[in-house]
Amino acid sequence: MNSKQKAYLALCVTSIVWGTTWVAMKFGVTGMPALQLAAIRQFIGGTLFISFFMLVRKQPLPTKKQLQQLFFLSIFTFVFANGFSTWSLKYIPSGLGALIGALYPLCVVLIEYFFYKNKNINLAVIIGILLGICGIGVVFYESAFGTKTEGYFIGLLLAGIATISWSYSTISISKQKVNVNPYFGLGWQMLFGSCIMFIISYGTGNYIQIAAIPSTSWAAIAYLTFAGSIFAFVAFIYSMKHLPPALASIYAYINPIVAISIGTFLLNEHITLRLVIGTMITLIGVYLVNKAMKKQVLESLPDTEGM
């Protein structure tokens, strides 16, 4: 399997696994504060990553400059993006959270175009992204515009900040040369992010005792840590390193489809005509983006031998 095939496989893994994490996070935050859940999840994941590379791979400690870069990235990747998206699910449905997360590809394109002057973004890419967002909007119409619960707009604000932060972090990682193994660097970002969220959670009194965390939340933490924070993040970094950000971001279109499918299975919800129509529109958008960016992917794929 060559680098391009691995990158596309990694993109598929990211799309499917991260789609299921929306449901897992929703289960988890029903029994404990969201930032505490996110902090525990990232602390375990970060510790495992760092331990593996330092004890097994004998990786040296990053330099002071590298740690500063990783700390900066952790604020956007794991505090604002992951922490706030988890927190938003306290107030909004997981489907709506996934819908707002689906705006991420458009944010990536706009940030690249206006701030990084990326002239490779053409009309076909924009149309494809807009179709994808419209398709997600059709799928989650009732969640987005139905009955609003207490704290609804707080949830929308948190989810919006998370999406913008994730977009900025994705571009920064792809452009910033930290010169650290990306998976080792990921572990440090998780550890830094978890420490910040622990400080916020415990400093504001928004936490519960470890012994009081219910089994459902622990199960969610376990799944989010090993499937979401480790397995899917490894796949995400690989796809991000070998595909242009606009193409690597396609996974965000698929996440809500996976989320509602898993929700249908676990919550006994029915697959409706709206879901089918929304899925078709979304996949058309994915196809257009994929086709428009194909040439750029082939030209940008680096030599990954020995990685």
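Since the structure is predicted, the reported quantities are computational estimates derived from the model, not experimental observations.
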Can you list everything that forms a side chain to side chain donor-acceptor pair (under 3.5 Å) with [X]? Sequence neighbours excluded, please.
| X | value |
| --- | --- |
| Gln68 | none |
| Tyr223 | Thr20 |
| Ser169 | Thr77 |
| Trp22 | none |

Indicate yes or no: at least one non-hydrogen side-chain atom of [X] is less than 4.5 angstrom from one of [Y].
| X | Y | result |
| --- | --- | --- |
| Gln66 | Leu61 | no |
| Thr216 | Phe27 | no |
| Thr14 | Met240 | no |
| Leu158 | Lys90 | no |
| Ser15 | Val258 | no |
| Leu191 | Phe78 | no |
| Pro62 | Phe184 | yes |
| Asn82 | Trp166 | no |

With sequence neighbours excluded, tell me which residues meet ring pair (Phe, Tyr, Trp, His ring centres under 6.0 Å) with [X].
| X | value |
| --- | --- |
| Phe84 | Phe80, Trp87 |
| Phe52 | none |
| Phe43 | none |

Checking [X] now: which residues fulfil side-chain contact (heavy atoms from CB on, under 4.5 Å) with it, not counting sequence neighbours?
| X | value |
| --- | --- |
| Leu130 | Leu106, Ile126 |
| Ser51 | Thr47, Leu55 |
| Ile16 | none |
| Leu48 | Ile44, Phe226, Ile230 |

Report yes or no: do [X] and [Y] belong to one cluster of Ile/Leu/Val/Met/Phe/Trp/Tyr joined by side chain heavy-atom distances under 4.5 Å?
| X | Y | value |
| --- | --- | --- |
| Phe76 | Leu157 | yes |
| Met190 | Phe72 | yes |
| Phe49 | Val17 | no |

*Return yes when atom CZ of Phe71 has more than 12 non-hydrogen atoms of other residues, nucleotides or ligands closer than 6.0 Å, and no otherwise.*
no
*Take Phe231 and Trp18, measure what ring-ring contact (aromatic ring centres under 6.0 Å, His included) needs, and give me the verdict at the end.*
CA-CA 10 Å; Phe231 186 63; Trp18 271 350; over 10 Å; no
*Could you note down all residue pairs passing side-chain hydrogen bond (donor to acceptor under 3.5 Å, both in side chains) where residues 190-215 supplies at least one of them, sequence neighbours left out?*
Gln36-Tyr202
_Exam field: side chain Ser88 to backbone Ser85, donor-acceptor pair closer than 3.5 Å_ = yes
_Residue pair Thr86 / Met25: nearest heavy atoms and the distance that separates them_ = OG1-SD, 3.1 Å
